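This report refers to the structure that appears directly beneath it.
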Amino acid sequence: MKMREGTRMKKALNIILKSIGVIAILIVLFLAIVFIVNIVCNKSEQGKIEPYGQSVTVDGKKMNVLIQGKGEETVVLLPGFGTSAPALDFKPLVEELSPFYKVVVVEPFGYGLSDGTDKERNTANIVSEIHEALQQLHIDRYTLMGHSIAGIYGLDYANKYPNEVSAFAGIDSSVPTQGGMDVKFPIKTFKLLKDSGLLRMITKISGDPYASLPYDDKTKAQIRMITNKNMNNSTTLNEMKNIYPNFVAARNLTFPKNLPVIFFIQANNTGVKRWIPLHEEQVKDSVHGKVITLDGEHYLHHTKSKEIVENFREFMKEIK
């Protein structure tokens, strides 16, 4: 009896071990397929990404810049963190601005069609590189219009180059004192997801965030491919590591008192406490400061570009 029970236990144990072995093989096979598919897709998409804009040499590397419109005044657009294809993402806003202004979309290193860089992604380096790009283009007087974290970079920029920046316009832009920025991001995990190809799979399963937005199919396809190329690259991961230090470094900064500042912000931001008051405090001492709330998501320019440009133009007329 005992021998039979022992035999049955051995058989059960063998079945369990074989099952575990099969599962382990399937997992390894699955990961290998995901890895190979990612490599093949990366090579295929590299040849399908269509160039746009022009490149300028900054710090020995190529930075991509899109220029549209021929207005006398210039608006320089700066993207938020993680916006993989800034010039394409800003398309609705560029189309609304370009009949009235010369619009310049700067794609910082690691974004869009720009090169990556090993240089630390602190605010000082990012601001210096953007400024050098504009200098290369002989653009020396302009309004900075920035989305999200560009509120931090733009704050530093306006203080460093006050004779060049004629106004600042924030699109749901970050504020140095906002809460929740001391998060420790799992950088190594994000890198592993990128290198393994799992990030591509997750992005595919998650669906296209641009699906219901006013972009044509070709633009959406280009954004998808550039996103697969840029998301979680080494340059943007280094910027992610520097997010909190960059916010801390900006806490003692204020916009120059005489600089016109206008903020377009979410009317109902449930993720950040005191979102509207934080922006009102930023402009309270400005000679020309204004806060306009709009119903929409964080990427307000996806759906509210017309309202942004109408209010921006009116604001610029008022200060003159």
Side-chain angles (χ1 to χ4, degrees), residues 52-54 56 63-80 83-108 111-114 130-131 133-134 137-151 153-154 157-158 161 164-174 210 213-216 218-220 222-223 255 259-266 279 288-320:
Y52 53 80
Q54 64 189 81
V56 292
M63 184 174 285
N64 198 63
V65 178
L66 175 74
I67 300 176
Q68 190 170 315
K70 297 180 180 179
E72 291 183 9
E73 297 178 28
T74 301
V75 175
V76 175
L77 295 179
L78 302 179
T83 304
S84 294
L88 301 183
D89 179 82
F90 274 133
K91 190 173 182 180
L93 186 57
V94 172
E95 289 176 349
E96 291 292 339
L97 283 167
S98 57
F100 312 103
Y101 302 95
K102 177 180 179 180
V103 185
V104 182
V105 184
V106 178
E107 297 190 319
Y111 290 81
L113 304 184
S114 295
I130 293 170
H131 182 254
L134 296 179
L137 294 165
H138 306 291
I139 297 172
D140 53 18
R141 189 67 177 166
Y142 42 87
T143 291
L144 282 182
M145 184 176 286
H147 172 243
S148 195
I149 203 170
Y153 305 147
Y157 197 112
Y161 308 106
E164 297 182 23
V165 181
S166 56
F168 180 83
I171 302 172
D172 218 39
S173 51
S174 302
Y210 291 85
L213 297 175
Y215 296 80
D216 58 80
K218 181 179 178 181
T219 301
K220 290 176 185 176
Q222 289 293 311
I223 290 175
F255 284 105
L259 179 73
V261 177
I262 183 169
F263 292 128
F264 300 97
I265 61 173
Q266 275 183 283
H279 288 83
H288 304 288
K290 194 170 187 177
V291 175
I292 293 177
T293 59
L294 297 170
D295 292 322
E297 301 298 324
H298 179 50
Y299 281 76
L300 286 171
H301 54 278
H302 286 173
T303 56
K304 299 293 181 179
S305 285
K306 187 176 181 63
E307 291 90 333
I308 289 171
V309 174
E310 285 176 352
N311 282 282
F312 173 69
R313 290 186 66 211
E314 188 62 32
F315 175 72
M316 297 302 284
K317 286 178 184 176
E318 288 174 4
I319 64 174
K320 286 180 179 179

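It should be emphasised that the depicted structure is a prediction, and the values quoted were computed from it without experimental measurement.
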Could you tell me if the side chain of Ile292 sits less than 4.5 Å from the side chain of Glu307, heavy atoms only? no
Are any non-hydrogen side-chain atoms of Leu294 and Ile308 less than 4.5 angstrom apart? yes
Any Phe264 side-chain heavy atom under 4.5 Å of His301 side chain: no
Angle class for the Phe263/Phe168 ring planes (parallel below 30°, perpendicular above 60°, tilted otherwise)? perpendicular
Enter the distance from Gln266:CD to Asp172:CG here, rounded to the nearest 0.5 Å. 4.5 Å
Give, for atom NZ of Lys102 and atom CD1 of Ile139, the distance between the pair rounded to the nearest 0.5 Å. 4.5 Å
With a 4.5 Å cut-off on side-chain heavy atoms, are Arg141 and Thr74 touching? no
Nearest-0.5 Å distance, CG of residue Leu97 to CD of residue Glu73: 11.5 Å
CD (Glu297) with more than 12 external heavy atoms under 6.0 Å: no
Closest non-hydrogen atom pair, Ala167 against Val165: O-CG1, 3.3 Å
Would Tyr299 and Leu213 count as a side-chain contact (heavy atoms from CB on, under 4.5 Å) if you check the C-alpha gap in whole Å, the side-chain angles of each, and the deciding distance to 0.1 Å? CA-CA 11 Å; Tyr299 281 76; Leu213 297 175; over 6 Å; no
In sequence, state the C-alpha distance, the side-chain angles, and the governing distance for Tyr101 and Thr143, and then conclude on side-chain hydrogen bond (donor to acceptor under 3.5 Å, both in side chains). CA-CA 10 Å; Tyr101 302 95; Thr143 291; over 6 Å; no
Measure the NE2-CZ distance between His288 and Phe315 for me, rounded to the nearest 0.5 Å. 7.5 Å
With a 4.5 Å heavy-atom cut-off, do His279 and Ser173 have their side chains touching? yes
Of all heavy-atom pairs linking Tyr111 and Gly80, the shortest is CE2-O, 3.9 Å
Can you label the angle between the Tyr215 ring and the His302 ring as parallel, tilted or perpendicular, going by 30° and 60°? perpendicular
Working to the nearest 0.5 Å, report the span between NE2 of His131 and CG of Asp140. 8.5 Å
Should Met63 and Ser114 count as side-chain neighbours, where that means a heavy-atom distance under 4.5 Å? yes
If you round to the nearest 0.5 Å, how far is CE of Met316 from CG of Asn311? 13.5 Å
Student check: side-chain heavy atoms of Phe90 and Leu66 closer than 4.5 Å: no
Could you tell me which non-hydrogen atom of Val56 sits nearest to which non-hydrogen atom of Ala133, and how far apart they are? CG2-CB, 3.9 Å
Any side-chain heavy-atom pair from Asn64 and Tyr52 closer than 4.5 angstrom? yes
